[in-house]
Amino acid sequence: MEYATVRELVANPENYADKQVAVYGWIRNNRDQKSFGFIALNDGTHFNTVQVVYEREFLENYDQVAAMGVGSAIRAAGKVVLTPEARQPFEIKAAEVNLEGASPADYPIQPKRHSREFLREVAHLRPRTNFFNAVFRVRSLLAFAIHRFFQERGFIYLHSPIITANDAEGAGELFRVTTLDPKEPPITDAGTVDYSRDFFGKRANLTVSGQLEAEAFALAFKDVYTFGPTFRAENSNTPRHAAEFWMIEPEIAFADINDNMDLAEDMVRYLINYLLENAKTEMDFFNQFVDKGLKERLEQIVNSKFARITYTEAVEQLQKTGQKFEYPVEWGRDLQTEHERCLTEKVYQKPVFVTDYPRSIKAFYMRVNHDQNTVAAMDLLVPGVGEIIGGSQREERAEVLEQSMADFNINSEDLWWYMDLRKYGGVKHAGFGLGFERILMYLTGVSNIRDVIPFPRTVNSCEF
RNA sequence: UCCUCAGUAGCUCAACGGCAGAGCGACCGGCUGUUAACCGGUAGGUUGCAGGUUCGAAUCCUGCCUGGGGAGCCA
């Protein structure tokens, strides 16, 4: 007998009409009556379940089948029957239903609505629910779409190191990587821990960004991107932060901040189109049950240019609204979350690039503008999520970079190789960091980052 | 780390100083086309933990733990 996945059946039920097939899957719901019953079966290959109809008349083990609990794995074999008048387009009239793996009555996932908070506590079982099935299928598709976008444009995919010794960058708290005995580490004459006797002969940590290494590759391959895990030991407890997340960091040479924004905008638009085309079922589900205006909003974004304003203009715009903010809007202060949300959700009601921030509130590697007071930075703000992209044109002038590093108290000798990139054939270049989970949240309407990561790691939480 | 809200049956919640309850789930039974089926019944509790106030605490107070939301940090 032919074996079929639910994906294959849903794609082409007519091909299977009146044929015998076998399906394997997990019971989502089992409703029995006196002489017949219905099983909603999901095999993971498609968002939908397939309905298996079983009848006492045809099944020797009817009572056992009727007693199979939610979560049980089964094999069901029988005839595919088209049912155009019913709620589902087809069903399987079972000739055989066999238990592959039982699921006792204390299976935590019930055929009813569960809270996201509860499902986080059973993260090993939650992918079997509708919601997480959709989320993680879209996560997979989105990762593929990102590679496709860059590969189609000739970008080189760079595996930047996960363990690094760059602690000069200042992008958040670091997870230390060490093989030293925490109880009795080697001590220097000065009484401090002697990291020269650690595994790498120096302090090492998990990466907080692959940008510096990406710059090296951009200055060899022109256009590159990284896509990998990133680690921040920040004690931040919000729906938008995780200790382990994935980041995409394109870096492009012979390019300035405008090329950088064009790339970011093209990418976001490409990703939206990709999901609307390739994840219809899931996007419809999100639109219906997670975020009612999702599809309309995404479709509108595809058809409109993103707003582009400077930090200075943003400050003026915010002051013009006359809105009362908890934190005052003042040139020289960083934009607060409430300011960013106001800009993207109220003033423009679409994605907004904010550029040319004051030098003092941005990172050392950003290119200093003519005015000497601002740098060629760009943040992309989107409604609902806030900042999803942070990037800049990089400082390619060795002497200016030296000065910035001094201003930020960073020892340029520790980053000798980064300085070398300016010394040998350094050219203008730019790049940005895109939080993978942040854009996934934005594109699905899911409001908590812990619900778009298979097994999320956050402060005080490393179960599974 | 700060602010704030919450923790009661497997899940979602009610009871808000006086007998600890409902819906869903589970279990048992019924039902000839169900769709988070429906109908009847049964079981299920150290009210997050530790103290305190009171004749009496799920309820009030203190501390701690856990979770949600907001802020900061950022992607």
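Chain letters run A, B, ... following the sequence lines, proteins first and then strands; every chain starts at 1. These numbers were taken from a predicted model, which means no experiment stands behind them.
- Shown here are the side-chain hydrogen bond (donor to acceptor under 3.5 Å, both in side chains) partners of A:Asn61, two or more places apart in sequence or in another chain: there are none.
- If you check B:rG72, B:rG68, B:rC24 against the side chain of A:Lys112, the one that comes closest is B:rC24.
- Using a 4.0 Å heavy-atom distance criterion, A:Glu244 is classed as making no nucleic acid contact.
- Backbone-only contact: A:Arg120 has heavy atoms under 4.0 Å from sugar-phosphate atoms and none from a base.
- On a pure distance criterion of 3.5 Å, a polar donor-acceptor pair joins the side chain of A:Gln88 and the base of B:rU34.
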With B for base contact, S for sugar-phosphate-only contact and - for none (protein heavy atoms under 4.0 Å), nucleotides 2-9 of chain B reads --------

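- Residue A:Met68 contributes atom CE, which lies 18 Å from atom C1' of B:rC27 at whole-angstrom precision.
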Enumerate donor-acceptor pairs with a distance under 3.5 Å from any side-chain N or O in residues 70-82 of chain A to protein atoms, sequence neighbours excluded.
| from | atom 1 | to | atom 2 | distance (Å) |
| --- | --- | --- | --- | --- |
| A:Ser72 | OG | A:Gly69 | N | 3.4 |
| A:Ser72 | OG | A:Gly69 | O | 2.7 |
| A:Ser72 | OG | A:Ser103 | N | 3.2 |
| A:Arg75 | NE | A:Tyr24 | OH | 3.4 |

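- Straight-line distance from the CD atom of A:Glu121 to the C1' atom of B:rU12: 13 Å, rounded to whole Å.
- Considering A:Phe432, A:Tyr357, A:Phe353 in turn, A:Tyr357 is the only one that fulfils the side-chain contact (heavy atoms from CB on, under 4.5 Å) rule with A:Asp379.
- Taking the side chain of A:Phe118 as heavy atoms from C-beta on, and the options B:rU1, B:rU12, B:rG68, the nearest nucleotide is B:rU12.
- Protein atom CD of A:Glu85 is 11 Å distant from nucleotide atom P of B:rU34, rounded to whole Å.
- Residue A:His241 places its side chain closer to B:rC74 than to any other of B:rG33, B:rC74, B:rG69.
- Proximity of A:Arg240 to the phosphate of B:rG69: no side-chain N or O atom is located under 4.0 Å from OP1 or OP2.
- For the pair A:Ala67 and A:Gln110, both in contact range of RNA chain B, the more 5′-proximal nearest nucleotide belongs to A:Gln110.
- No cation-pi contact links A:Arg394 to A:Tyr418, judged by a cut-off of 6.0 Å to the six-membered ring centre and 45° from its axis.
- Less than 4.0 Å separates RNA chain B from at least one heavy atom of each of the following residues of residues 376-389 of chain A: A:Glu387, A:Ile388, A:Ile389.
- No salt bridge links A:Asp256 with A:Arg367; every basic N to acidic carboxylate O contact stays at or beyond 4.0 Å.
- If you check every strand for non-hydrogen atoms under 4.0 Å, A:Asp106 touches nothing.
- A salt bridge links A:Asp291 and A:Arg297; the closest N-O separation between the charged side-chain nitrogens and carboxylate oxygens is under 4.0 Å.
- Ranked by how close their nearest RNA chain B nucleotide is to the 5' end, A:Thr83 and A:Pro239 are led by A:Thr83.
- Contact check on A:Lys362 versus A:Asp356 returns no salt bridge, with no Lys/Arg side-chain nitrogen under 4.0 Å from an Asp/Glu carboxylate oxygen.
- Atom CZ in A:Arg153 sits 8.0 Å away from atom CG in A:Leu263 (nearest 0.5 Å).
- Between the P atoms of B:rU4 and B:rG23, the separation comes to 37 Å (whole Å).
- For the contact set between residues 325-354 of chain A and RNA chain B, defined by any heavy atom under 4.0 Å, the members are A:Tyr327, A:Gln336, A:Thr337.
- B:rC24 and B:rC19 are spaced 26 Å apart, taking the P atom of each and rounding to whole Å.
- Here the P atom of nucleotide B:rA36 and the CD atom of A:Gln288 are 12 Å apart, to the nearest Å.
- Taking the charged nitrogens against the carboxylate oxygens, A:Asp63 and A:Arg56 do have a contact shorter than 4.0 Å, which makes a salt bridge.
- B:rC38 is paired with B:rG30 under the criterion used here, namely a Watson-Crick or G-U wobble arrangement in which both key atom distances are under 3.5 Å.
- Rounding to whole angstrom units, CG of residue A:Leu174 and C1' of B:rC74 are separated by 14 Å.
- Distance, A:Leu119 CG to B:rG10 P: 17 Å, rounded to whole Å.
- Going from atom CZ of A:Phe286 over to atom CG of A:Leu294 covers 8.5 Å, rounded to the nearest 0.5 Å.
- Residues from residues 32-63 of chain A placing a heavy atom under 4.0 Å of any atom in RNA chain B, listed by number, are A:Asp32, A:Gln33, A:Lys34, A:Phe36, A:Phe38, A:Gln51.
- Within the nucleic acid shown, A:Pro108 has no heavy atom closer than 4.0 Å to any nucleic acid atom.
- Not less than 6.0 angstrom separates the ring centroid of A:Phe36 from the ring centroid of A:Tyr54.
- Looking at A:His114, its side chain has no donor and acceptor atom pair within 3.5 Å of the base of B:rC11.
- Across all strands shown, B:rA22 pairs with B:rU12; the Watson-Crick or G-U wobble distances both stay below 3.5 Å.
- Dashed line: the shortest gap from a side-chain N or O of A:Ser236 to OP1 or OP2 of B:rC74 is not under 4.0 Å.
- Look at CZ on A:Arg113: it is 16 Å from C1' on B:rG10, rounded to the nearest Å.
- The interatomic distance linking A:Phe90 (CZ) with B:rG33 (C1') rounds to 17 Å, in whole Å.
- Across the strands present, B:rG67 finds its partner in B:rC5; the criterion is a Watson-Crick or G-U wobble pair with both atom distances under 3.5 angstrom.
- Among the protein residues, A:Thr238 comes within range of the nucleic acid bases, having at least one heavy atom under 4.0 Å from a base atom.
- Taking 4.0 angstrom as the limit, A:Asn460 places none of its side-chain polar atoms (N or O) nearer than this to OP1 or OP2 of B:rC65.
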